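By convention in this document, chain letters (A, B, ...) are assigned in the order of the sequence lines, proteins followed by strands, and residues within each chain are numbered from 1. Everything quoted here is computed from the prediction, not taken from an experiment.
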Amino acid sequence: MNAVTIIADKDLQWKESLTTESVFVRRSLIAAAFLYLTLFLFIPLAAVFAEALKGGILAYVGSFLNEDALAAIRLTLLVASVVVPLNALFGVAAAWVIAKFDFVGKQILITLIDMPLAVSPVISGLIYVLLFGLQGWFGPWLADHDIKILFALPGIVLATIFVTVPFVVRELIPLMQSQGREEEEAAITLGASGWQMFTRVTLPNIKWSLLYGVILCNARAMGEFGAVSVVSGHIRGLTNTMPLHVEILYNEYNAVSAFAVASLLTLLAVVTLAVKAIVERKAHFPTIVADPISNVQTGSIR
Amino acid sequence: MSIQVDHVTKRFGAFAVLNDVSLHVQDGELVALLGPSGCGKTTLLRILAGLERPDQGRIFLHGTEVTDRRITERRVGFVFQHYALFRHMTVAENVAFGLTVQPRVQRPSAARIQEKVCELLTLVQLQAMAGRYPSQLSGGQRQRVALARALAVEPKLLLLDEPFGALDAKVRKELRRWLRRLHDEVHITGILVTHDQEEALEVADRVVVMHQGNVEQIGTPDEVYERPASPFVCQFLGDVNVFHGRAVQERNVADLPPLPDEKRVTTVGVVGEHEVTFVRPHDLEVHRSRTHPSQLEATVRYVLTAGSRVWIELSTQDSMQAIEVELTKERYRELDLREGEIVFVHPRHRQVFKIPQS
């Protein structure tokens with residue numbers, strides 16, 4: 001058994017040397033990649049924190065502890081907490097329908113879901129101005145009934161939903177398509193109800209991709225600037241989200257505060273990426289994480 | 001549970017997958033639906049399970065019409081072609097699934113479920129694998145888990161869709177014998193879909209041969225093999241040599257002449273009608289010298305030795321038609337044939353069908 005393994009290993013090394021680049025090429029490529037990332041990603045990120053902390057830790061903390069900044073943080077969290085669950089629900093439903101059924105207009109639905117990625121966010125915001133603005137289609141009716149959508153929370157939520165729709169759906173469609181309908185059919189033939197099938201078979205099979213989609217959706221929902229900027233009206237303490245607040249502070253030459261709030265958004269991005277990395281690892285090796293010992297055993301049986 | 005399929009038709013678009021199919025399966029029988037891919041056998045199975053709905057016709061299970069009943073009411077166990085095991089559950093959880101989704105009033109206690117899972121895993125010889133995930137099992141093991149899972153809810157009817165299709169030849173053979181024994185033990189009505197004639201003939205009590213949405217023949221394995229009802233059945237069940245001919249003097253004179261001692265009367269239909277004669281390779285007798293005036297003279301083209309059997313390809317002297325002959329090794333040694341030599345052949349058994357004139 002041991003001898004066989006050694007021969008196999010040698011075989012593998014021999015193959016590797018034929019198919020991979022020389023050490024010099026490999027190292028230069030890796031170095032180039034790191035240099036590029038350092039220049040364009042790491043230095044700007046570091047600059048954000050450096051600028052934010054320039055006035056000392058007190059000034060940094062002070063940037064958050066004022067009415068306007070706290071209102072912006074609260075609004076951003078509120079918007080995300082409405083948008084993300086809605087998009088997760090819609091995402092699962094739409095992906096399920098698209099991946100598992102054939103119907104007329106399926107291609108149109110897929111294209112529609114992709115649209116927010118193709119349209120500039122500013123245009124996305126303008127669509128809502130066109131619909132709900134005073135000169136817009138529903139503007140006069142809304143004004144008559146004293147319903148505020150534009151320059152208020154509903155408008156911000158709508159614009160954010162529009163921009164973040166694709167993230168969950170696009171994560172799920174390829175996975176659900178590759179998994180097919182057989183497991184669900186099996187569940188039904190074994191006597192499961194529709195809801196049991198969904199919670200015990202469908203959902204567990206997509207949970208990591210769903211979580212990954214939700215993380216991306218959340219990051220975008222908190223960070224969205226263009227679309228929200230158009231519909232919010234920039235009312236301090238009322239309709240300013242964190243990205244908008246950063247812009248206002250910056251335009252007022254309040255660099256320290258601007259970068260301090262920006263650093264908060266950056267931190268959010270870093271945390272999101274860290275969670276994403278963990279989720280990705282779990283998503284790729286779920287069984288190994290769950291049962292490492294028996295996996296090794298089957299390796300030798302095969 | 002007996003099954004009655006009553007004039008079922010199913011179309012996908014304009015294409016009729018099942019064309020007025022009727023079928024009766026008795027309680028406790030194991031029936032094979034046999035046919036080439038696209039003949040409608042899987043669709044019929046899915047209709048029986050309730051996964052598809054027939055466009056016309058009715059389905060009766062145990063005398064009760066279930067055409068419009070939901071899958072869950074039919075008490076049918078379904079084993080999918082690619083097993084469809086729940087990938088995020090262990091083997092034991094997979095087998096227990098059907099029990100744990102039962103309504104609280106009917107659901108057995110956790111201890112009883114565990115006991116039951118244990119029994120089933122013993123039945124399929126996978127006790128040691130209870131904690132594994134499907135991705136850690138071999139194909140044959142997954143197949144057995146799928147079977148145990150289907151049996152857990154004590155179905156009255158077990159439907160198997162190409163159960164051994166994805167396995168290698170040896171495991172296939174083992175598993176189908178095991179399935180036959182299992183069927184004899186648990187006495188459950190079973191329907192098995194397959195495109196492998198050997199599998200159908202070996203495992204099933206009765207075979208339903210299907211072709212292009214129609215049932216060609218229903219019968220015991222011996223019946224369909226020995227007395228095929230149509231040229232398709234004859235050709236689909238094993239290798240055959242085909243001879244085309246025309247009836248003369250109320251007698252079939254295909255390229256292969258009849259023998260005086262042949263039991264079968266070769267008069268089929270009217271003089272002048274087209275006929276086709278099928279002879280299986282092992283039903284041909286080969287001699288070095290002429291033992292009867294009506295024997296066919298042929299030249300040995302190739303000799304192929306495959307295990308215990310020897311395959312010989314002949315070509316007839318007059319029409320150069322290729323004929324395949326299967327000999328036992330003993331007979332082959334006795335004859336000591338070489339390529340290029342002349343031999344004389346005649347059939348021990350054959351099937352004659354008239355071809356409808358168009």
Side-chain angles (χ1 to χ4, degrees), chain A residues 92 99-104 172 174-212 279 281-302, chain B residues 12-13 45-46 48-52 70-91 93-103 106-107 128-139 141 145-146 149-155 157-159 161:
Chain A
V92 172
K100 315 236 165 167
F101 298 101
D102 282 317
F103 53 90
V104 184
L172 293 180
L175 178 73
M176 288 177 115
Q177 268 172 343
S178 74
Q179 287 179 345
R181 273 197 63 76
E182 273 206 340
E183 280 182 53
E184 291 171 354
E185 283 180 346
I188 294 290
T189 60
L190 288 167
S193 65
W195 179 247
Q196 282 173 322
M197 177 200 79
F198 179 74
T199 53
R200 301 192 48 178
V201 177
T202 313
L203 211 52
N205 275 344
I206 61 168
K207 64 180 172 198
W208 294 116
S209 285
L210 177 61
L211 189 55
Y212 184 48
V279 167
R281 283 180 60 161
K282 286 226 171 195
H284 288 162
F285 312 104
T287 50
I288 290 176
V289 171
D291 194 355
I293 299 159
S294 52
N295 209 306
V296 173
Q297 285 170 347
T298 36
S300 63
I301 290 166
R302 278 178 197 154
Chain B
F12 286 133
L45 199 73
R46 289 175 64 88
L48 284 174
L51 290 165
E52 306 271 354
R70 297 170 53 82
I71 305 171
T72 33
E73 293 170 48
R74 297 194 186 190
R75 297 202 61 186
V76 161
F78 198 101
V79 177
F80 290 81
Q81 186 173 2
H82 302 291
Y83 323 131
L85 297 178
F86 306 126
R87 66 195 86 192
H88 61 284
M89 296 183 199
T90 63
V91 166
E93 285 164 351
N94 261 285
V95 175
F97 185 87
L99 299 170
T100 55
V101 294
Q102 283 177 355
Q106 293 165 26
R107 195 190 308 159
M129 303 289 167
R132 298 271 180 99
Y133 284 87
S135 60
Q136 301 166 332
L137 302 179
S138 71
Q141 290 170 335
V145 175
R149 183 179 70 176
L151 289 172
V153 288
E154 291 174 14
L157 170 63
L158 189 61
L159 304 172
D161 187 8

> Just so I understand: if I count every heavy-atom pair under 4.5 Å between each of B/R70, B/R75, B/R46 and chain A, which residue has the most?
B/R46
> Which answer fits B/A150, side chain, backbone, both or neither, if we ask what part of it has an atom under 4.5 Å from a heavy atom of chain A?
backbone
> Would you please test B/F78 and A/E185 for side chain to side chain contact (heavy atoms under 4.5 Å, CB included) and show each step?
CA-CA 9 Å; B/F78 198 101; A/E185 283 180 346; over 6 Å; no
> What I'd like to find out is whether the side chain of A/Q179 reaches to under 4.5 Å of the side chain of B/R87, using heavy atoms alone.
yes
> Measuring from A/E182:CD to B/D161:CG, what's the distance to the nearest 0.5 Å?
7.5 Å
> Heavy-atom distance under 4.5 Å to chain B: side chain of A/E184, backbone, both or neither?
neither
> Against chain B, label A/R200 side chain, backbone, both or neither, depending on which of its atoms sit under 4.5 Å from a heavy atom there.
both
> Side chain, backbone, both or neither: which part of B/L85 has an atom under 4.5 Å from a heavy atom of chain A?
backbone
> Can you give me the closest heavy-atom contact between B/A84 and A/A186, atom names plus distance?
O-CB, 3.9 Å
> Measure the spacing between NE2 of B/H88 and CG of A/L203 and express it to the nearest 0.5 Å.
9.0 Å
> Any idea which heavy atoms bring B/I71 and A/T189 closest together, and the distance?
CG2-CA, 3.7 Å
> Which one wins on heavy-atom pair count under 4.5 Å against chain A: B/L159, B/T100, B/V153?
B/T100
> Could you state the interatomic distance from CZ (A/R181) to CZ (B/F80), rounded to the nearest 0.5 Å?
9.5 Å
